[in-house]
Structure formats: structure tokens, C-alpha cells
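All ligand and atom numbering here is 1-based and tracks the order in the structure.
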Amino acid sequence: MRLVMKFGGALMEDAEQIANSASLVADRAKKEDEIVVTVSAMGGVTDELIQMGENAKLGDMEKVRKMLSQLEKRHFEAARKLCTGTALEETSEKIRKLIETLNQCLTGVFLLRELTPRSKDLILSFGERLSAPLMRGALVSMGIKSIDLTGGEAGIITDSNYGNAKPLLNITEVMVKDRLMPILKAGVVPVVTGFIGQDQNGVVTTLGRGGSDYTATILASSLEVDEVWIWKDVDGIMTADPKIIKTAKTIPVLSYLEVMEMAYFGAKVLHPLTVTPVQERLIPIRIRSAYNPSNPGTLIREKSVPKPTVKAITAIRSMSIITTGGAGMIGVPSVVARVFATLSSNGINVAMISQSSSQANISMVVKNEELERALKALKIEFRNGDLIRDIHSIPDVAIVAIVGEGMRGTKGVAAKLFSAVANAGINILMISQGSSELNISFVIQEIDLNRAVEAIHAAFELDKMGENAPQAQEPHAT
Ligand code: ASP
Ligand code: MG
């Protein structure tokens, strides 16, 4: 079997976690499977690198040096615990060189007092460039042949949209095959840095926060692997946030569409674009627990299971509603277009929209932190007050969404949902259902969020998830 395995920051936290992650790779590699590994930075490192970049820009090199030396120490210490013999020498030398280069980059930022998106991507890339050699060193010390590569070295070529680069899929496919197939055929496990690629000029880019998931599926699609295994510190994707719902259950099977919908609606399960590269090749993704590998976890594939109708509840906190109204909006489509154009040209993302059928009002949901900017932009754009008269807002709301392909064509789902919310004494401020019928989302005051999620979880009996639904099958033991 050919597999891509991905390990996130929590599973790369320290020597102990990396050793556990490496042993999951070694188990399969010893069975003659062809394994490609992709890793995140050690937990929290990407955030630290962002801070170092900011501090350098602000001129606080003392802080930068302190953080840099802690970063170096953390990686050296992990190397010492994970690696033996020449693997230890090679890994330590690599870390030393990377820290030196990172120091030079940060000094450059300090001297120029300028941190461009391009230099920020370069600085962020050091997290994964430092962690991949640790995984490789651990594997080699376990007797597995391995080599570490950056995303660019592995053939991931992207556009130059720094901070949120997209892979150029055709060239990437050719390059990844060229680079990685000979390595796999030689019985060597490539460890590829997650999150980073390079543009056509060879400049380092990043795929957006949480991008290692995306790296995993880009590699998977290019190499036409059998499955992608995303290892986690939880059992799989849950029916609701287990911090709110104690009885939340692992969802055995989800379709690509359901996962995308969940990611979009705030469930921080996977980078939102993760499924896109594997969708057309129908490569399944498994979310599995690194602490409990015998648990089948969540299987993500093309076909959904029809039951249960509703599979998950997700929520986005810290949002605001903006409502614009005025007689000028009725039957004048260009006004609506101007509202959205104004927001988008100010870099404000609209998470949800609803318009009354009288067309006299449109409501939109934006992030709390973008509210002031959005209001100002709208008031300036519609300064005359002839088209839009009132622009008002409600801060501190939450979007709740229920997701499941089984809702399509099923009657009574909305009725059940909203009676559950009403019976909990919660007022609904706004509602929207996409015509795909994959989700129903609505907005409530954020203080009502936990109670709403509890009521819905109980109404749809999500605590019984998996009892009647087919379980994800155990991955083949071959
Ligand atoms: N290290 C990157 C981040 O923290 C990418 C990832 O972990 O997937 O966003
Ligand atoms: Mg992640």
C-alpha cells in the first residue's frame, strides 16, 4: 500500500511525541508499505516565528535573540533524545545551520524594519524545516532509511500569493512524481515539510495556517496513493466540540463535501482546502488517533452515508451581524452588489448572508474584529443616505451550523432544529440554508451558544452516533 501520513504540531511537540509518531511510520514502513511523511512544526513554533518577525520589525532584537536561543535549545534537546550515532550528528548540524540562517533573516528584518509577506513566509518556513529533520533523524535511528525535504524540494510549486499560496497542480504533479518516486522505489521514507512550497522562481511560499493537511493531500494526489492518514491527538472528527458536549462522538464516515462544509463553518478539523486535491482521484482520507491507533477514527471519502441525516454541529464565535436597510434597496440589484464590493475591497470576509423577500434589508455576518471597519466603509460608500438609510449591527454573536448530506430532500430537519433551539429559550437572529441542503446555519447571541449546541446535539441524538451507522472499516493490515 502507498500512504501519505501527516503529523500535526501536537504530535511533533517534543521528543516523546515525535518518537511515538515515528514509530507509527516505522510500523508500516517495515511492512514494505511505501510511506511519505509530512510534518508540521513543533507545537506553537509557527506562532513564535510570527512573534519573532514582528519583534525584529519593531527593533526588539533582544527579545528575538532570547526566543531564537529557546527555539534552538528545544530542537537540539529533541535531537539528542531521538537520534543516535551519525543521525544525531547530521540532525544537530542541520539544526545549527537553520538557526544561523533564521538569525540572518531576522537581522535583515531588523535592519530594514520591514516585514513583507514574502519575508514572513520565509521566516515561517523555518518551523517545518526544523521539525522535518527531527522526524527523519528519529526514523533513521529506528533503522528506517529516510531523507528530509522541503515542500519545494519535494516538488510542490505554488503561485506567489505569499501567506496563502495555492499549488499549481499540473506542474506539481509532474515534479512531485519526479522527485519522490525514485526515493520511494529505493525503499526510503521521504519526510516532507508540511505547510510550505515554492513559487516558480524558487521563492519559499506558505499554504496558509494549518497548511500541512493540504500538503498531505497535494502529495497524495500527485503520487496517486491508496490513502492519506492524518494522525491526531483525538480519535477522529467529532459530532460537536467535546469541550461543550461531553457525550460528543467520533463520526465514522464523512463525505468530502461534508468535511469541506464543516471546515468552512469553523470546525477546526482540517485546512479548508484539504480535500480538494484528492477529490477527483477519490483517494480516501483517514483521521486517526496517534494515541489509540486501533481506533478506526473517521473515514473521509466521496460517498456519504445517508444516516444519520445530521452528522455534526459546528460553530463560529466572535462574529457580528450587520444589517443594511432602506427603500433604495428594493428592486435595485446594483445596491446589493455595491454592498458586497465595498466589503470585499476592504478585505472584509462575509461569512453568511440573508436578504428578506421584500428586499428592504440585507443582513451579513462578519468577524467582530472587522466590524468597525465594515461599518465605516459602508457609511462612506453610501454617504448620501438615499439608497441605504440605516446601517446597524449586533456584535458578539455566533453562527451555528448543522451539517449532513442526508438533509438533502429530508423533510422536518429544520423544524426539529428550530424547535430544539426554541425549547431551550434561545432567540434566533438570522437563518440561512444553502440550496445544496448540506447545511442549515443560523445566528444567535454568543452567550447562548453552549446551550444551543447541547439542545441540538440531544434533539438529533448525536450521542448515539456510530451505533447504527456503518463503522469505518479497519485499515488493511497488510
Ligand atoms: N505550522 C503551520 C501552522 O501552525 C502549519 C500546520 O501546522 O499545519 O499553521
Ligand atoms: Mg494543524
Side-chain angles (χ1 to χ4, degrees), residues 4-14 17-18 20-21 36-54 67-68 70-71 74-75 78 95 98-99 102 105 115 117-136 148-154 156 158 161-167 191-198 204-220 228-234 237 259-260 262-264 266-278 285-288 290 300:
V4 172
M5 290 193 182
K6 180 258 172 176
F7 297 91
L11 300 178
M12 296 292 291
E13 179 69 30
D14 51 25
Q17 294 293 339
I18 298 175
N20 182 55
S21 300
V36 178
V37 178
T38 184
V39 296
S40 291
M42 292 177 101
V45 166
T46 307
D47 290 325
E48 287 167 22
L49 290 165
I50 292 177
Q51 274 183 32
M52 286 186 224
E54 287 298 325
M67 293 182 78
L68 200 56
Q70 274 162 6
L71 190 75
R74 183 170 171 194
H75 285 82
I95 295 169
L98 283 164
I99 295 283
L102 173 58
C105 295
L115 183 60
R118 172 173 162 165
S119 38
K120 188 171 168 188
D121 267 9
L122 177 61
I123 289 171
L124 292 194
S125 75
F126 282 88
E128 274 72 8
R129 282 158 75 186
L130 282 161
S131 67
L134 289 173
M135 173 60 93
R136 180 260 170 192
D148 58 273
L149 305 127
T150 65
E153 287 166 348
I156 298 181
T158 70
N161 183 16
Y162 303 110
N164 228 339
K166 297 272 171 313
V191 178
V192 180
T193 60
F195 181 50
I196 63 184
Q198 72 185 35
V204 174
T205 54
T206 67
L207 305 172
R209 292 306 303 271
S212 305
D213 297 327
Y214 198 17
T215 303
T217 52
I218 295 167
L219 294 173
V228 180
W229 291 2
I230 297 188
W231 294 97
K232 292 234 170 224
D233 53 353
V234 293
I237 300 180
V259 166
M260 268 198 275
M262 287 179 71
Y264 179 70
K268 291 216 168 58
V269 283
L270 293 174
H271 182 289
L273 295 175
T274 304
V275 304
T276 52
V278 293
I285 304 173
R286 281 179 202 279
I287 313 292
R288 307 189 56 190
I300 302 167

Visitor: Would you call M5 and W231 a side-chain contact if the rule is heavy atoms closer than 4.5 Å?
Guide: yes
Visitor: Kindly indicate whether the side chain of R209, heavy atoms from C-beta on, has any atom under 4.5 Å from the side chain of I50.
Guide: yes
Visitor: Under a heavy-atom criterion of less than 4.0 Å, does G194 contact ligand 1?
Guide: no
Visitor: Hey, does D213 come in under 3.5 Å of ligand 1, counting only N/O atoms on both sides?
Guide: no
Visitor: With respect to atom 6 (C) of ligand 1, which of S212, G127, S131, G43 exhibits the smallest heavy-atom separation?
Guide: S212
Visitor: For T206 and D121, test the side chains for any donor-to-acceptor distance below 3.5 angstrom and give the result as yes or no.
Guide: yes
Visitor: For residues M42 and D14, report the shortest heavy-atom separation together with the two atoms involved.
Guide: CE-CA, 3.9 Å
Visitor: With a 3.5 Å cut-off and no angle check, do the side chains of T215 and T38 form a donor-acceptor pair?
Guide: no
Visitor: Go through ligand 1 atom by atom and flag the ones less than 4.0 Å from a non-hydrogen atom of R209.
Guide: 3 (C), 4 (O), 9 (O)
Visitor: Taking distance alone, with no angle check, do E128 and ligand 1 share an N/O pair under 3.5 Å?
Guide: yes
Visitor: I'd like to check which ligand 1 atoms, numbered from 1 as shown, lie under 4.0 Å from a non-hydrogen atom of S40.
Guide: 6 (C), 7 (O), 8 (O)
Visitor: Can you list the residues that meet the side-chain contact (heavy atoms from CB on, under 4.5 Å) rule with Q70, with sequence neighbours excluded?
Guide: none
Visitor: Any N or O of G9 that comes nearer than 3.5 Å to an N or O of ligand 1?
Guide: no
